[in-house]
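For this chain, numbers begin at 1 and follow the sequence in order. No hydrogens, no waters, no symmetry mates; every other heavy atom, side chains included, goes into these values.
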Amino acid sequence: MKFGIVVFPGSNCDRDVQWVAQGLLQQPTRMVWHEETDIADLDAIVLPGGFSYGDYLRCGAIARFSPVISAIIDHAHQGKYLLGICNGFQILTEVGLLPGVLIRNRDLHFICDRVPVRVESTQTPWTRAYQPHQVLQLPIAHGEGRYYADKDTLAQLEDNQQILFRYCTSTGQLEETGNPNGSLHHIAGICNAQGNVLGMMPHPERAADGMLGNTDGMDLFAGLLASQPVAV
């Protein structure tokens, strides 16, 4: 599986993802500058975390106009894999490939921590290597990570089992104390209806190398390698 990692001005987690895809998983990987328009050679694209264009206007609001975005939309519509992590998740909602928005954290503070995250569904390429309701420890680092959507959208996400990750307590309970940014329905990550596009605020790439003392994020990438693109 060939990975492409999109680099916007201000991306700062691109090399972390590259280390996982190319260094740990030993998959062909190339960096994709945001001005590129031909990404047909790629099987899986990652929009990494960081501060695209400085995020001075709104997270992801400027990145959505990058030349590469049209090719990424086509890539997603072909059923190929697309992962947005943190700022990448924000960009996916700005582009419209995922519903809802990411707004300021409940307490209006930037949060940098390692938090429990519960796996909600194992019926997707992204989560098939996990166990149902398995509790992961994943890093978060964001100021605008509170997921918000209207009631109809939330109901649709619940009914279609598109919520793949929720913030929780260390024992897997959905309590307010286990919801660091106040996301509605404790949402930490969602996919599109077809399941080939995933956006998540926690950073699985920062929990994939045993040298860092935590590999809970590695199974997300390992599960993807065992999957075939989704026909849409």
Side-chain angles (χ1 to χ4, degrees), residues 1 3-8 10-11 13-14 17 32 34-40 42-53 55 57-103 120-121 123-127 142 144-150 152-165 183-185 187-205 220-221 224 227-232:
M1 180 175 290
F3 284 83
I5 303 160
V6 180
V7 182
F8 299 97
S11 296
C13 299
D14 45 336
V17 180
V32 179
H34 72 108
E35 293 181 332
E36 287 192 40
T37 56
D38 185 359
I39 55 174
L42 301 173
D43 303 303
I45 294 175
V46 181
L47 305 183
F51 301 89
S52 55
Y53 296 91
D55 283 345
L57 175 62
R58 188 176 67 245
C59 297
I62 301 176
R64 65 170 295 190
F65 296 107
S66 283
V68 74
I69 293 296
S70 293
I72 288 175
I73 292 173
D74 290 341
H75 174 96
H77 287 167
Q78 291 171 27
K80 294 184 176 180
Y81 297 120
L82 175 60
L83 168 63
I85 303 169
C86 197
N87 188 216
F89 186 11
Q90 295 159 341
I91 294 170
L92 289 177
T93 61
E94 291 286 340
V95 171
L97 287 174
L98 290 176
V101 296
L102 283 308
I103 62 176
E120 294 299 297
S121 169
Q123 302 303 309
T124 74
W126 311 99
T127 54
H142 56 248
E144 297 184 16
R146 184 186 185 194
Y147 184 82
Y148 180 86
D150 59 40
D152 290 343
T153 299
L154 290 168
Q156 187 174 35
L157 290 173
E158 295 282 3
D159 291 345
N160 294 340
Q161 298 186 331
Q162 290 175 240
I163 302 172
L164 302 191
F165 300 103
S183 286
L184 296 185
H185 291 214
I187 287 174
I190 60 173
C191 67
N192 63 346
Q194 293 75 29
N196 61 307
V197 179
L198 167 65
M200 60 190 299
M201 289 310 295
H203 287 262
E205 82 282 10
L220 184 143
F221 298 98
L224 186 63
S227 304
Q228 296 297 318
V230 181
V232 295

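- Of all the heavy atoms in Ser121 and Thr127, the pair that sits closest is O-OG1, 2.5 Å.
- At least one side-chain heavy atom of Leu154 sits less than 4.5 Å from a side-chain heavy atom of Ile187.
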Go through it in stages, so that I can follow the logic: the residues are Ile39 and Ile45, the test is side chain to side chain contact (heavy atoms under 4.5 Å, CB included), and I'd like the CA-CA distance, side-chain angles, deciding distance and then a yes or no. CA-CA 9 Å; Ile39 55 174; Ile45 294 175; 3.2 Å; yes
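- A 4.5 Å side-chain heavy-atom check between Leu157 and Pro99 finds at least one atom pair inside the cut-off.
- Between the NE2 atom of His185 and the CD1 atom of Ile190 there is a distance of 12.0 Å, given to the nearest 0.5 Å.
- Between Ile62 and Phe8, every side-chain heavy-atom pair lies at or beyond the 4.5 Å cut-off.
- Side-chain polar atoms of Asp159 and Gln156 form no donor-acceptor pair below 3.5 angstrom.
- Note: His34 and Tyr53 have perpendicular aromatic rings, judged against thresholds of 30 and 60 degrees for the angle between ring planes.
- The number of heavy atoms from other shown groups lying within 6.0 Å of CD (Glu158) is above 12.
- Counting heavy atoms from C-beta on, the side chains of Asp55 and Glu144 never come closer than 4.5 Å.
- Using a 4.5 Å cut-off on side-chain heavy atoms (C-beta onward), Glu205 and Phe221 make contact.
- In this structure the side chain of Val17 never reaches within 4.5 angstrom of the side chain of Phe3, judged on heavy atoms.
- Side-chain contact between Asp43 and Tyr81: absent, with no pair of heavy atoms (C-beta onward) separated by less than 4.5 Å.
- With a 4.5 Å cut-off on side-chain heavy atoms, Ile72 and Val95 do not count as touching.
- Exactly one of Ile73, Thr37, Val6 qualifies for a side chain to side chain contact (heavy atoms under 4.5 Å, CB included) with Val68. That residue is Val6.
- Within the model, atoms CD of Gln90 and NE2 of His142 stand 8.5 Å from one another, a figure rounded to the nearest 0.5 Å.
- The CG atom of Leu47 sits 9.0 Å away from the CD1 atom of Ile85 when rounded to the nearest 0.5 Å.
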*Thr93 and Leu102: CA distance, side-chain angles, deciding distance, side chain to side chain contact (heavy atoms under 4.5 Å, CB included) verdict*: CA-CA 8 Å; Thr93 61; Leu102 283 308; 3.9 Å; yes
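- Judged by distance alone, the side chain of Asn87 and the main-chain N or O of Cys59 form no donor-acceptor pair under 3.5 Å.
- Closest non-hydrogen pair, Ile91 versus Ser52, comes out as CD1-OG, 4.0 Å.
- To the nearest 0.5 Å, atoms CG (Leu97) and SG (Cys191) are separated by 12.5 Å.
- When every heavy atom of Leu224 is checked against every heavy atom of Met1, the shortest pair comes out as O-CE, 3.4 Å.
- Here the options are Val197, Leu82, Leu198, the test is side chain to side chain contact (heavy atoms under 4.5 Å, CB included), and the partner is Leu98; only Val197 passes.
- Heavy atoms only, all atoms of each residue included: Ala63 and Ile69 are closest at O-CG1, 3.4 Å.
- Remark: side-chain polar atoms of Asn160 are not paired, donor with acceptor, to backbone N or O of Gln162 under 3.5 angstrom.
- For the pair Asp38 and Ala40, the tightest heavy-atom approach, listed with the atom from each and the gap, is OD1-N, 3.2 Å.
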| said: Between Met200 and Leu220, is the side chain to side chain contact (heavy atoms under 4.5 Å, CB included) condition met? List the steps. | reply: CA-CA 11 Å; Met200 60 190 299; Leu220 184 143; 3.7 Å; yes
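- Residue Lys80 holds its NZ atom at 10.0 Å from CG of Asp74, rounded to the nearest 0.5 Å.
- Summarising the geometry of His203 relative to Cys86, their closest heavy-atom pair is NE2-CB, 3.4 Å, with the distance given to 0.1 Å.
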